[in-house]
Each structure stands twice: as structure tokens, then as C-alpha cells.
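Some notes on the structure that comes next.
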Protein chains: 2
Amino acid sequence: MSQTTFRALGDPTRRAILTMLADQDMTIGDVSDQFDMTRAAVKKHLTVLEAGHLITVRAQGRERYNALNPDGFAPIRDWLSFFDHFWDDRLANLKDVLEKEDPS
Amino acid sequence: MSQTTFRALGDPTRRAILTMLADQDMTIGDVSDQFDMTRAAVKKHLTVLEAGHLITVRAQGRERYNALNPDGFAPIRDWLSFFDHFWDDRLANLKDVLEKEDPS
DNA sequence: CTGAAGTGATACCAATTGGTGTCATATATA
DNA sequence: TATATATGACACCAATTGGTATCACTTCAG
């Protein structure tokens, strides 16, 4: 289900984390340095982001690097595209109607 | 802020409502007929969707029709496009590096 | 006018969420 | 080996959230 992904994006702190990860992969310590909250809180956010497949974690010694997972954004993009296509079609239908009413 | 928009999309019931509204504008009664929950609960969801500018409401007699607001999806699309562009650029940079290492 | 239909608003409740504090574990480093 | 560093895992708490029940208000129809 993509519910975990949508939910992960619902929190502003988590979206900020994703933006930061766009610049560079970061450890929990790196991330929590940028926020006025404990590492435990950041860890929870990272767990939610991982559950939503928006990030991946790779261990390196005692550090664990969090990195963006581009593929994780696909469900969101797909969901949006449903509406985009819908509006495209509706626009096309409107065009057809107009052309039938007043053929040029 | 687009936080209200992201938050609105975080709930599966609200996303289902949006999908239903793609087919046709609906009153609260229409919507709540489709879910196993009270009208009051549906009303709350619609309020959140309206706060996120994802729907608009127009009164018609004693009925109030809820309709999709295509423009409301823009913040989400824009936010996603930031990452899309980022990955495009990163891919381009990678290509540059490869071409420099092994000029064809 | 009277009653039914459609809705808004509020109080209330259980569950979830975002946060802290604390302790345990694993890994570098002196 | 001893110690500091980086992290994970809980237990716990306040605030938010999704839901219900209930009452008031507006509008349509007889």
C-alpha cells in the first residue's frame, strides 16, 4: 500500500529531511544536528520515511547512512497522474463538444 | 503553506473522496452514502480537504456540492518536481563525468 | 404553516502521533 | 582493555486525529 508513503509526506519535518537528503546522504546524527529535537525523535521520522520507501539505509561501520530512494516517490507521482489524465480527458471532451456545437 | 495540502492527502478516506469527486461533484450526503461512517465524520474530512484547497464547495439551495479543485494539487506537483529535477541533474552530472573519463 | 431533508457545529472519546528521557548495544580509538 | 561515539529500543506523556452522538439551523414540499 502507498498509504505509508502518503503518510510519511504528511509531516513537515519529514519533508524537510527529504530535502536535506537531496544534497547528501546523512547519518541520524547529521540530521538531528539540523533540528531542535532529540535523536530519538529524528529516528522515529526516519523510520516512518523508510516504511514509506522514501529512503534507504546503509550501514557503514557504526554509522548508518540515510539516502533518498527515488523509486519511492513513484506511488505519489502515479496517484497524481490519475487526476492529471482525468483533467486532460475532461478538457478534451469539452473541446469536442465545443467543436460540435460550432464547427469551424 | 502547503502543509494543509500534504496533510489532507495523508488519509486514505480523503484520497478516496477525491477519487470519487473526479467522477462527479457530490454533496456530503452523496459522499457519506459511500462510506461506513457518519455524515459528521465525512464532513470533517471535507473540511480538511477544503483547508488544503483540494476541493471547493458551492451552495445550491440547501445542498452544498463539493468539487475537485485542480489548482490545489499544484503544491504537491511542485514539491515532487524539485526532486525530479534534482535527479535529472544528478544523472546529467554523472553522464558528464563518464564522458570525461572515457571520451568517445 | 408544518414537517421532512440537508447541513453545520459542538462535546466527547479512543487511538494515533510527535516528542522526551533513559538504557542497552555495537564500533572506533587512545 | 577502557572509553567515547553512534545508534537502537523502550516506556512514557501531551497533543492531535478520526470517529460518534446530539442539537440547532436552513430550505424545500405538502
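The basis for the numbers below is simple: all heavy atoms, side chains too, and nothing from hydrogens, waters or symmetry mates. The sequence lines fix the lettering, A, B, ..., with proteins before strands; numbering per chain opens at 1.
Atom NZ in Lys43(A) sits roughly 9 Å away from atom C1' in dA9(D) (whole-Å rounding). Note: CZ (Phe35(B)) to C1' (dG19(D)) measures 14 Å, nearest angstrom. What separates CG of Asp33(B) from P of dG6(C) is a distance of 9 Å, to the nearest Å. Taking atom CG on Leu46(A) and atom P on dA6(D), their separation rounds to 16 Å, with Å as the unit. Whole-Å rounding puts the Arg58(A) CZ to dA6(D) C1' distance at 15 Å. Look at CG on Leu49(B): it is 11 Å from P on dG18(D), rounded to the nearest Å. We find that CZ of Arg39(B) is positioned 11 Å from P of dA5(C), with the value rounded to whole Å. Atom P of nucleotide dT16(D) and atom CG of Asp11(B) are separated by 18 Å, given to the nearest angstrom.
Using a 4.0 Å cut-off, no side-chain N or O of Lys44(B) falls inside it from OP1 or OP2 of dG18(D). Arg14(A) has no side-chain polar atom (N or O) that falls below the 4.0 Å cut-off from OP1 or OP2 of dT17(C). Side-chain nitrogen and oxygen atoms of Thr27(B) include at least one within less than 4.0 Å of the OP1 or OP2 phosphate oxygen of dT7(C). Residue Arg64(A) places at least one side-chain N or O under 4.0 Å from the OP1 or OP2 atom of dG8(D). For dG18(C), neither phosphate oxygen OP1 nor OP2 lies less than 4.0 angstrom from any side-chain nitrogen or oxygen of Arg7(B). In this structure, His45(B) reaches the dG19(D) phosphate: one of its side-chain N or O atoms is under 4.0 Å from OP1 or OP2. Of the side-chain N and O atoms in Thr38(A), none sit less than 4.0 angstrom from OP1 or OP2 of dG19(C).
A side chain to side chain contact (heavy atoms under 4.5 Å, CB included) with Ile55(B) holds for exactly one of Asn69(B), Ile17(B), Leu21(B); it is Leu21(B).
Judged by distance alone, with hydrogens and angles left aside, Arg62(B) brings a side-chain donor or acceptor within reach of the base of dA5(C), the pair sitting under 3.5 Å.
Annotation: the span from Asp25(A) atom CG to Asn66(A) atom CG amounts to 8.5 Å, rounded to 0.5 Å.
If Ile28(A) and Asp36(B) are placed on DNA chain D by their nearest nucleotide, the residue sitting closer to the 5' end is Ile28(A). Place Thr13(A) and Gln60(A) on DNA chain C by their nearest nucleotides, and Thr13(A) ends up nearer the 5' end.
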What's the verdict on salt bridge (Lys or Arg N to Asp or Glu O under 4.0 Å) for Arg7(A) and Asp11(B), showing C-alpha distance, side-chain angles and the deciding distance? CA-CA 7 Å; Arg7(A) 178 171 109 65; Asp11(B) 183 275; over 6 Å; no

Should Trp87(B) and Phe82(B) be marked as a ring pair (Phe, Tyr, Trp, His ring centres under 6.0 Å) after you check the CA-CA gap, both sets of side-chain angles, and the distance that decides it? CA-CA 9 Å; Trp87(B) 287 316; Phe82(B) 164 78; 8.9 Å; no

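The shortest distance between side-chain heavy atoms of Tyr65(B) and Met26(B) does not fall below 4.5 Å.
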